[in-house]
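Per chain, numbering begins at 1; letters A, B, ... match sequence-line order.
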Number of protein chains: 2
Amino acid sequence: MEPFAYEKDCPGRQLLDRIGDAWSVLIVCSLADGDLRYTELAQRIPAVSPKMLTQTLRGLERDGLVTRTVHAVVPPRVDYALTALGRSLLGLVGGLLDWAETNITDVLKAREAYDSRI
Amino acid sequence: MEPFAYEKDCPGRQLLDRIGDAWSVLIVCSLADGDLRYTELAQRIPAVSPKMLTQTLRGLERDGLVTRTVHAVVPPRVDYALTALGRSLLGLVGGLLDWAETNITDVLKAREAYDSRI
DNA sequence: CCGTATCCGTTCCGATACTG
DNA sequence: CAGTATCGGAACGGATACGG
């Protein structure tokens, strides 16, 4: 882990930027169980603005993590789905969430201790 | 992964915020092989400003991921080290970096394809 | 040596209104 | 239904100067 290549814009940084983005993680997890339409995503993800939803979806699509399928019907219908690459991310995110749930009590305890000795 | 508790300030979000922070990851990885002093950290991490270094270290310390040991000598000497909790993060981060290295070429290809059809 | 304090440009993002 | 466009407040973070 020592002298790793961790420049700006290295692979690791780019992934971390995406993972660190709340909306990206929420979208990927929401799509875990199946395709969703734009409005369905908006409903599942609390308080996401259209701006951020679109912007994040474009980013995920650009990175090959999500596909966007437009059906030529009226009213318009657009489905979003995870790619194989996107699904492979689910395992990582799951691991993170597991770690978080396992260790959150320790973290909270540490914070309490830290804050109380100021 | 479906109806997971993902409110603002839930455990998962808090971890993701920390992981998504470039400086936090850099510091944790830098401490993987042993304790370091403030200045040593500053030297290893390219271009980190004193402000961000201190701020990030305080956050990591508060969360119980890093310890800060002040030696009562002149000139002052302050050592930073990972806690057991901090070391347990290394595995997660390693997994993320592995995924990133494995899949970066696919991501870059996807981006190229996306950008070229605009 | 190990920080803290301040200024200030930039970027982010929520709210809102509007369109094909 | 599925977005786009625009504005403005807030927050992030770099540079810099200084203090114990």
Chemist: Is A/Thr39 touching bases, backbone alone, or none of the nucleic acid, heavy atoms closer than 4.0 Å?
Modeler: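 Result for A/Thr39 = sugar-phosphate.
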Chemist: Should we say atom CD of B/Glu112 is surrounded by more than 12 heavy atoms from elsewhere, each under 6.0 Å from it?
Modeler: no
Chemist: Is there a donor-acceptor pair under 3.5 Å between the side chain of B/Thr83 and the backbone N or O of B/Gly64?
Modeler: yes
Chemist: Is the shortest side-chain N to carboxylate O distance from B/Arg111 to B/Asp115 below 4.0 Å?
Modeler: no
Chemist: Nearest 0.5 Å, what's the CG-CG distance between B/Asn103 and A/Asp63?
Modeler: 11.5 Å
Chemist: Quick one: is B/Arg37 getting a side-chain N or O under 4.0 Å of the C/dC2 phosphate, OP1 or OP2?
Modeler: yes
Chemist: Are side-chain N/O atoms of A/Tyr80 and A/Thr69 paired as donor and acceptor at under 3.5 Å?
Modeler: no
Chemist: Determine to 10° how strongly the helix from C/dC1-D/dG20 to C/dG20-D/dC1 is bent, judged from the axes of its five-pair ends.
Modeler: 50°
Chemist: Looking only at the side chains, is there a donor atom on one of B/Arg44 and B/Ser30 sitting less than 3.5 Å from an acceptor on the other?
Modeler: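 Distance-only check fails for B/Arg44 and B/Ser30.
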Chemist: Would you say B/Glu101 has more than 12 foreign heavy atoms packed within less than 6.0 Å of its CD?
Modeler: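 Atom CD in B/Glu101 is not packed in, count stays at 12 or less.
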Chemist: Using a heavy-atom cut-off of 4.0 Å to chain B, what are the terminal contacting nucleotides of DNA chain D, in 5' to 3' order?
Modeler: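 From 5' to 3', the first and last contacting nucleotides are D/dG13 to D/dG20.
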Chemist: Separation of B/Arg77 atom CZ from C/dC2 atom P, in whole Å?
Modeler: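 Going from B/Arg77 (CZ) to C/dC2 (P), I get 8 Å.
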Chemist: Expressed in angstrom and rounded to an integer, what is the separation of B/Leu57 atom CG from C/dC1 atom C1'?
Modeler: 15 Å
Chemist: Testing the basics here: between A/Val66 and A/Leu82, what is the closest heavy-atom pair and its distance to 0.1 Å?
Modeler: CG2-CD2, 4.0 Å
Chemist: State whether A/Glu61 and B/Arg117 are salt-bridged, where the test is any N-O pair (Lys NZ or Arg NE/NH1/NH2 against Asp/Glu carboxylate O) under 4.0 Å.
Modeler: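 So A/Glu61 pairs with B/Arg117 through a salt bridge.
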Chemist: For nucleotides 11-15 of chain C, give me every protein contact, N/O to N/O, under 3.5 Å, one pair per line with atom names.
Modeler:
residue	atom	partner	partner atom	Å
C/dC13	N4	A/Lys51	NZ	3.4
C/dG14	O6	A/Lys51	NZ	2.6

Chemist: If we check side-chain hydrogen bond (donor to acceptor under 3.5 Å, both in side chains) with B/Asp79, which of these qualifies: B/Arg37, B/Arg68, B/His71?
Modeler: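 Going through B/Arg37, B/Arg68, B/His71 one by one, the side-chain hydrogen bond (donor to acceptor under 3.5 Å, both in side chains) with B/Asp79 is satisfied by B/His71 alone.
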